[in-house]
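Remember, predicted model here, so these are calculated numbers, not experimental data.
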Amino acid sequence: MSKIQKQSRRARLLFQFFFALTPIAVCYYWLTVETPYDFLTSRGIIQLSYDFDSYTQLPFTLTTRILAMVASLLLCCIIMYALKVLIRLFRNYEQNEIFTLENANYYQKLGYSVFYWVGASVVYGALMSVVLSFNNPPGERMLAISFVGMDFLTIVFGFIVLIISWVMKEGYTLADENSHTI
């Protein structure tokens with residue numbers, strides 16, 4: 001087994017682990033955050049991505065937790081899609097299928113998933129602001145929409161991945177034409 005195949009197998013197994021862990025972690029987070037069972041954030045293992053006090057001073061209701069979990073799982077679907085594509089890509093690498101049209105298409109799908117991630121993140125942030133402030137009295141509920149610098153950098157990264165996919169497709173086409181040339 002070559003070095004590429006061995007490392008690709010390790011990467012694929014890691015991505016499969018994250019594929020299984022991601023929805024479980026999202027559900028665990030929203031069911032336990034700000035409860036006595038929240039040992040991950042209380043011990044500093046995970047940093048909170050939200051300052052809940054800026055949205056509400058009230059404790060989370062079960063409805064709030066479930067709505068937040070559903071919204072987070074919808075965003076999680078994009079991560080899981082990208083992980084699925086990475087699993088397939090590294091499975092091909094593991095089988096020593098490196099420069100193929102299929103792999104170029106996987107890179108294109110990864111590039112598009114980055115764009116989906118940014119768009120969904122903007123919607124997710126707005127949706128979460130509504131969900132987290134939903135139990136506030138009228139006049140204290142909020143809708144916050146944001147596009148931060150990191151979103152711009154993520155879009156640039158998406159374009160880079162798409163360009164790589166286009167180069168790989170062109171390279172595949174040229175190699176295919178050369179293999180048929182006498």
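Ser2 and Gln5 share a side-chain donor-acceptor pair at under 3.5 Å. Defined by atom type and a distance below 3.5 Å, a donor-acceptor pair is present between the side-chain atoms of Thr64 and Thr61. In summary, the side chains of Tyr124 and Ser72 do present a donor paired with an acceptor at a separation below 3.5 Å, with no hydrogens or angles considered.
Leu73 and Tyr29 fall within the same hydrophobic cluster, where Ile, Leu, Val, Met, Phe, Trp and Tyr residues are linked whenever their side-chain heavy atoms come under 4.5 Å apart, directly or through other members. Tyr55 and Val122 fall within the same hydrophobic cluster, defined by Ile, Leu, Val, Met, Phe, Trp and Tyr side-chain heavy atoms under 4.5 Å apart, directly or through other members. Leu62 is not connected to Phe134 by any chain of hydrophobic side-chain contacts under 4.5 Å among Ile, Leu, Val, Met, Phe, Trp and Tyr, and they are in different clusters. Note on Leu153 and Phe157: separate hydrophobic clusters, where clusters join Ile, Leu, Val, Met, Phe, Trp and Tyr whose side-chain heavy atoms are under 4.5 Å apart, directly or indirectly. Both Ile98 and Leu86 belong to a single network of hydrophobic side chains, linked directly or stepwise wherever heavy atoms of I, L, V, M, F, W or Y lie under 4.5 Å apart.
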Query - Stepwise side chain to side chain contact (heavy atoms under 4.5 Å, CB included) check, Lys84 with Met80 - result: CA-CA 6 Å; Lys84 184 178 91 170; Met80 293 181 71; over 6 Å; no
Query raised in the report: Do Val130 and Arg141 pass the side chain to side chain contact (heavy atoms under 4.5 Å, CB included) test, and can you show the C-alpha distance, the side-chain angles, and the key distance before you say yes or no?
Result: CA-CA 7 Å; Val130 170; Arg141 296 177 185 147; over 6 Å; no
Requested in this report: Show the numbers, then the answer: is there a side chain to side chain contact (heavy atoms under 4.5 Å, CB included) between Ile79 and Leu83?
Outcome: CA-CA 6 Å; Ile79 295 169; Leu83 286 170; 3.9 Å; yes
Query raised in the report: Can you list the steps and then say if Glu97 with Asn103 is a side chain to side chain donor-acceptor pair (under 3.5 Å)?
Result: CA-CA 8 Å; Glu97 297 172 9; Asn103 288 351; over 6 Å; no
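Separation of atoms CH2 (Trp117) and OG1 (Thr154) is listed at 9.0 Å; rounding is to 0.5 Å. The CG atom of Leu127 sits 9.0 Å away from the CG atom of Leu132 when rounded to the nearest 0.5 Å. Between Leu31 atom CG and Ile66 atom CD1 the span is 7.5 Å, to the nearest 0.5 Å. A distance of 12.0 Å separates CE of Met128 from OG of Ser121, quoted to the nearest 0.5 Å. With rounding to the nearest 0.5 Å, the separation of OG in Ser146 from CG in Asp151 is 7.0 Å. Atom CD of Gln95 sits about 10.5 Å away from atom OG1 of Thr100, to the nearest 0.5 Å.
Shortest non-hydrogen contact noted between Ser129 and Ala126 is OG-O, 2.6 Å. In this structure, Ala120 and Leu75 approach most closely via the heavy-atom pair CB-CD1, 3.6 Å. Nearest approach of Tyr106 to Val85, heavy atoms of both residues: O-CG1, 3.4 Å. Scanning both residues, Ser165 and Ala104, for their nearest heavy atoms gives CB-O, 3.4 Å.
Side-chain atoms of Thr56 do not come within 3.5 Å of backbone N or O of Asn136 as any donor-acceptor pair.
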Identify all side-chain donor-acceptor contacts of residues 167-177 below 3.5 Å with residues at least two apart in sequence or on another chain.
residue: Lys169; atom: NZ; partner: Asn105; partner atom: OD1; Å: 3.0
residue: Lys169; atom: NZ; partner: Gln108; partner atom: OE1; Å: 2.5
residue: Thr173; atom: OG1; partner: Lys169; partner atom: O; Å: 2.9

For residues 10-27, dump all side-chain donor-acceptor pairs below 3.5 Å to protein atoms at least two apart in sequence or in another chain.
residue: Arg12; atom: NE; partner: Glu94; partner atom: OE1; Å: 2.5
residue: Arg12; atom: NH1; partner: Gln16; partner atom: OE1; Å: 3.0
residue: Arg12; atom: NH2; partner: Glu94; partner atom: OE1; Å: 3.3
residue: Arg12; atom: NH2; partner: Glu94; partner atom: OE2; Å: 3.3
residue: Thr22; atom: OG1; partner: Phe18; partner atom: O; Å: 2.5

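Proximity of Arg65 to Thr35: side-chain heavy atoms (C-beta onward) are separated by under 4.5 Å at one or more points. Considering only heavy atoms from C-beta on, Val70 stays 4.5 Å or farther from Leu67 through its side chain. A heavy-atom distance below 4.5 Å is found between the side chains of Lys109 and Tyr81.
Annotation for Ile4: atom CD1 does not count as buried by contact number, only 12 or fewer foreign heavy atoms lying within 6.0 Å.
For Phe147 and Phe152, the distance between ring centers is not under 6.0 angstrom.
By the 30° and 60° cut-offs, the orientation of the rings of Tyr93 relative to Tyr107 is tilted.
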